[in-house]
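Structure first, then comments.
Just so it is clear, the values below take in all heavy atoms, side chains as well, and ignore hydrogens, waters and symmetry mates.
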Amino acid sequence: MKIYYDTEFVEDGKTIDLVSIGMVAEDGRELYAVSSEFSISGLLGNPWLAENVWPSLPLKKHDPGVPCQCSRRKNGHLDFDHPDVRPRAQIIRMVEAFILATPDVELWAWYSAYDHVALAQLWGRMIDLPKGVPMWTNDLKQECMRLGNPTMPKQGEGEHHALADARHVKVMAEFLARETHHTA
(Lines give C-alpha, C1' and ligand atoms only; values in the text may rest on other atoms or scores of the structure.)
Protein backbone atom coordinates (compact mmCIF):
# COMPACT_ATOMS: atom_id res chain seq x y z
CA MET A 1 0.00 0.00 0.00
CA LYS A 2 1.27 3.44 -0.89
CA ILE A 3 1.92 6.26 1.54
CA TYR A 4 2.22 9.69 -0.04
CA TYR A 5 4.09 12.21 2.03
CA ASP A 6 5.73 15.59 2.20
CA THR A 7 8.05 17.31 4.62
CA GLU A 8 8.92 20.91 5.29
CA PHE A 9 12.40 21.49 6.65
CA VAL A 10 15.17 23.97 7.30
CA GLU A 11 18.46 23.04 5.65
CA ASP A 12 21.82 24.70 5.63
CA GLY A 13 23.78 22.44 3.30
CA LYS A 14 24.84 20.16 6.17
CA THR A 15 21.71 19.52 8.22
CA ILE A 16 18.07 18.94 7.35
CA ASP A 17 15.95 20.06 10.31
CA LEU A 18 12.38 18.70 10.12
CA VAL A 19 9.69 21.37 10.52
CA SER A 20 6.62 19.32 9.61
CA ILE A 21 5.53 16.07 8.02
CA GLY A 22 2.28 15.05 6.35
CA MET A 23 1.41 11.51 5.29
CA VAL A 24 -1.61 10.11 3.45
CA ALA A 25 -2.12 6.37 3.01
CA GLU A 26 -4.16 4.83 0.20
CA ASP A 27 -6.63 3.54 2.80
CA GLY A 28 -7.46 7.12 3.86
CA ARG A 29 -5.38 7.36 7.05
CA GLU A 30 -3.56 10.64 7.53
CA LEU A 31 -0.80 11.91 9.78
CA TYR A 32 0.31 15.48 10.34
CA ALA A 33 2.83 16.75 12.84
CA VAL A 34 4.87 19.91 13.38
CA SER A 35 8.07 19.65 15.35
CA SER A 36 8.31 21.71 18.51
CA GLU A 37 12.09 21.49 18.23
CA PHE A 38 13.04 22.87 14.80
CA SER A 39 15.13 26.01 14.53
CA ILE A 40 12.59 28.82 14.33
CA SER A 41 15.38 31.35 13.81
CA GLY A 42 16.74 29.15 11.00
CA LEU A 43 13.34 29.07 9.32
CA LEU A 44 12.71 32.79 9.75
CA GLY A 45 16.25 33.56 8.62
CA ASN A 46 15.43 32.04 5.23
CA PRO A 47 13.21 34.50 3.32
CA TRP A 48 11.56 31.77 1.22
CA LEU A 49 10.70 29.62 4.24
CA ALA A 50 9.51 32.67 6.20
CA GLU A 51 7.21 33.66 3.34
CA ASN A 52 5.94 30.23 2.30
CA VAL A 53 6.21 27.73 5.17
CA TRP A 54 5.88 29.83 8.35
CA PRO A 55 2.28 30.98 7.59
CA SER A 56 1.18 27.35 7.09
CA LEU A 57 2.19 26.34 10.63
CA PRO A 58 -0.07 26.56 13.70
CA LEU A 59 0.64 30.09 14.88
CA LYS A 60 -0.53 31.89 17.98
CA LYS A 61 -1.51 35.44 17.13
CA HIS A 62 -0.59 38.29 19.43
CA ASP A 63 -3.38 39.80 21.46
CA PRO A 64 -4.11 43.34 20.30
CA GLY A 65 -2.11 45.89 22.22
CA VAL A 66 0.24 43.35 23.81
CA PRO A 67 3.86 44.37 23.20
CA CYS A 68 6.13 41.63 21.95
CA GLN A 69 9.85 41.27 21.40
CA CYS A 70 9.33 39.25 18.23
CA SER A 71 8.79 42.02 15.73
CA ARG A 72 10.70 39.97 13.14
CA ARG A 73 8.24 37.08 13.35
CA LYS A 74 5.42 37.27 10.88
CA ASN A 75 1.95 36.39 12.13
CA GLY A 76 2.94 35.62 15.73
CA HIS A 77 4.60 32.65 17.41
CA LEU A 78 4.53 28.94 16.82
CA ASP A 79 1.61 27.69 18.93
CA PHE A 80 3.28 25.09 21.14
CA ASP A 81 -0.14 24.28 22.67
CA HIS A 82 -1.65 23.27 19.29
CA PRO A 83 -2.28 19.50 19.09
CA ASP A 84 -0.28 19.21 15.84
CA VAL A 85 2.88 20.63 17.45
CA ARG A 86 4.77 17.77 19.06
CA PRO A 87 8.21 16.86 20.39
CA ARG A 88 10.45 15.05 17.93
CA ALA A 89 10.36 11.82 19.97
CA GLN A 90 6.58 11.73 19.70
CA ILE A 91 6.72 12.41 15.95
CA ILE A 92 9.15 9.51 15.57
CA ARG A 93 6.73 7.13 17.32
CA MET A 94 3.75 8.44 15.30
CA VAL A 95 5.52 8.11 11.94
CA GLU A 96 6.88 4.67 12.75
CA ALA A 97 3.44 3.42 13.84
CA PHE A 98 1.81 4.92 10.73
CA ILE A 99 4.30 3.28 8.37
CA LEU A 100 4.35 -0.09 10.16
CA ALA A 101 0.53 -0.22 10.15
CA THR A 102 0.68 -0.17 6.34
CA PRO A 103 1.01 -3.56 4.64
CA ASP A 104 3.53 -3.86 1.78
CA VAL A 105 4.38 -0.19 2.24
CA GLU A 106 5.69 1.98 -0.59
CA LEU A 107 6.69 5.56 0.18
CA TRP A 108 6.02 8.19 -2.52
CA ALA A 109 6.87 11.89 -2.62
CA TRP A 110 7.27 14.69 -5.20
CA TYR A 111 10.99 15.44 -5.65
CA SER A 112 11.55 12.88 -2.92
CA ALA A 113 15.29 13.04 -2.20
CA TYR A 114 15.26 15.59 0.62
CA ASP A 115 11.94 14.31 1.95
CA HIS A 116 13.46 10.88 2.42
CA VAL A 117 16.52 12.29 4.18
CA ALA A 118 14.28 14.35 6.49
CA LEU A 119 12.23 11.22 7.21
CA ALA A 120 15.25 8.96 7.76
CA GLN A 121 16.96 11.48 10.02
CA LEU A 122 14.09 11.18 12.48
CA TRP A 123 15.90 8.02 13.59
CA GLY A 124 19.43 9.32 12.97
CA ARG A 125 21.44 7.49 10.33
CA MET A 126 19.71 5.57 7.57
CA ILE A 127 20.98 2.28 9.01
CA ASP A 128 19.04 3.18 12.19
CA LEU A 129 15.67 3.01 10.42
CA PRO A 130 13.33 0.58 12.18
CA LYS A 131 12.68 -2.73 10.48
CA GLY A 132 9.74 -2.22 8.11
CA VAL A 133 10.48 1.44 7.33
CA PRO A 134 11.69 1.58 3.71
CA MET A 135 15.22 2.80 3.03
CA TRP A 136 14.03 4.73 -0.04
CA THR A 137 11.16 6.83 -1.26
CA ASN A 138 9.80 6.49 -4.77
CA ASP A 139 9.97 9.78 -6.66
CA LEU A 140 6.70 10.80 -8.28
CA LYS A 141 8.48 13.49 -10.34
CA GLN A 142 10.69 10.81 -11.83
CA GLU A 143 7.58 8.76 -12.66
CA CYS A 144 6.04 11.84 -14.26
CA MET A 145 9.12 12.28 -16.46
CA ARG A 146 9.09 8.58 -17.37
CA LEU A 147 5.52 9.01 -18.58
CA GLY A 148 6.41 11.91 -20.88
CA ASN A 149 6.08 14.78 -18.38
CA PRO A 150 2.33 15.41 -18.69
CA THR A 151 0.93 18.62 -17.23
CA MET A 152 0.15 17.78 -13.64
CA PRO A 153 -2.93 18.92 -11.71
CA LYS A 154 -2.37 22.17 -9.83
CA GLN A 155 -2.72 22.27 -6.07
CA GLY A 156 -5.76 24.32 -5.09
CA GLU A 157 -4.68 25.58 -1.68
CA GLY A 158 -2.43 24.83 1.25
CA GLU A 159 0.81 24.74 -0.69
CA HIS A 160 3.77 24.25 1.69
CA HIS A 161 1.54 22.81 4.41
CA ALA A 162 2.97 19.28 4.66
CA LEU A 163 -0.41 17.50 4.93
CA ALA A 164 -2.00 19.52 2.11
CA ASP A 165 1.07 18.80 0.00
CA ALA A 166 0.91 15.06 0.83
CA ARG A 167 -2.74 15.02 -0.21
CA HIS A 168 -1.75 16.66 -3.47
CA VAL A 169 1.02 14.09 -4.05
CA LYS A 170 -1.75 11.47 -3.84
CA VAL A 171 -3.86 13.44 -6.36
CA MET A 172 -0.88 13.62 -8.74
CA ALA A 173 -0.15 9.89 -8.34
CA GLU A 174 -3.76 9.04 -9.11
CA PHE A 175 -3.62 11.33 -12.15
CA LEU A 176 -0.48 9.58 -13.43
CA ALA A 177 -2.09 6.17 -12.83
CA ARG A 178 -5.06 7.23 -15.00
CA GLU A 179 -2.70 8.61 -17.65
CA THR A 180 -0.85 5.28 -17.73
CA HIS A 181 -4.13 3.38 -17.96
CA HIS A 182 -5.38 5.55 -20.85
CA THR A 183 -2.18 5.19 -22.85
CA ALA A 184 -1.87 1.42 -22.33
Looking only at side-chain N and O atoms, does E106 offer a donor or acceptor that is under 3.5 Å from a partner on W108?
yes
Over all atoms of both residues, closest heavy-atom pair of H116 and M135:
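That closest heavy-atom pairing would be NE2-O, 3.1 Å.
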Taking all non-hydrogen atoms of both residues into account, name the closest pair between Y4 and A173 and its distance.
CE2-CB, 3.3 Å
Does S35 form a side-chain contact (heavy atoms from CB on, under 4.5 Å) with R86? I'd like the steps, not just the answer.
CA-CA 5 Å; S35 175; R86 300 170 181 269; over 6 Å; no
Backbone N or O of [Y] within a donor-acceptor pair of the [X] side chain at under 3.5 Å?
X    : Y    : value
E26  : K2   : yes
D115 : T7   : yes
H82  : L57  : no
D128 : G124 : no

R93 with E96: basic N within carboxylate O range, under 4.0 Å
no
When you check the gap from the basic side-chain N to the acidic O, do D27 and R29 get nearer than 4.0 Å?
yes
Could you walk me through whether T137 and Y5 pass the side chain to side chain donor-acceptor pair (under 3.5 Å) test, one step at a time?
CA-CA 9 Å; T137 295; Y5 78 102; 2.6 Å; yes
May I ask you to test the W110-C144 pair for a side-chain heavy-atom distance under 4.5 Å?
yes
Cluster companions of Y114 among Ile, Leu, Val, Met, Phe, Trp, Tyr (side-chain spacing under 4.5 Å)
F9, I16, V117
Considering only distance and modelled atom types, tabulate donor-acceptor pairs under 3.5 Å from the side chains of residues 159-167, sequence neighbours left out.
from: H161; atom 1: ND1; to: L163; atom 2: N; distance (Å): 3.3
from: H161; atom 1: ND1; to: A164; atom 2: N; distance (Å): 3.3
from: H161; atom 1: NE2; to: Y32; atom 2: OH; distance (Å): 3.4
from: D165; atom 1: OD1; to: Q155; atom 2: NE2; distance (Å): 3.0
from: D165; atom 1: OD1; to: H160; atom 2: N; distance (Å): 3.0
from: D165; atom 1: OD2; to: H160; atom 2: N; distance (Å): 3.1
from: R167; atom 1: NE; to: E30; atom 2: OE1; distance (Å): 3.4
from: R167; atom 1: NE; to: E30; atom 2: OE2; distance (Å): 2.9
from: R167; atom 1: NH2; to: E30; atom 2: OE1; distance (Å): 2.6

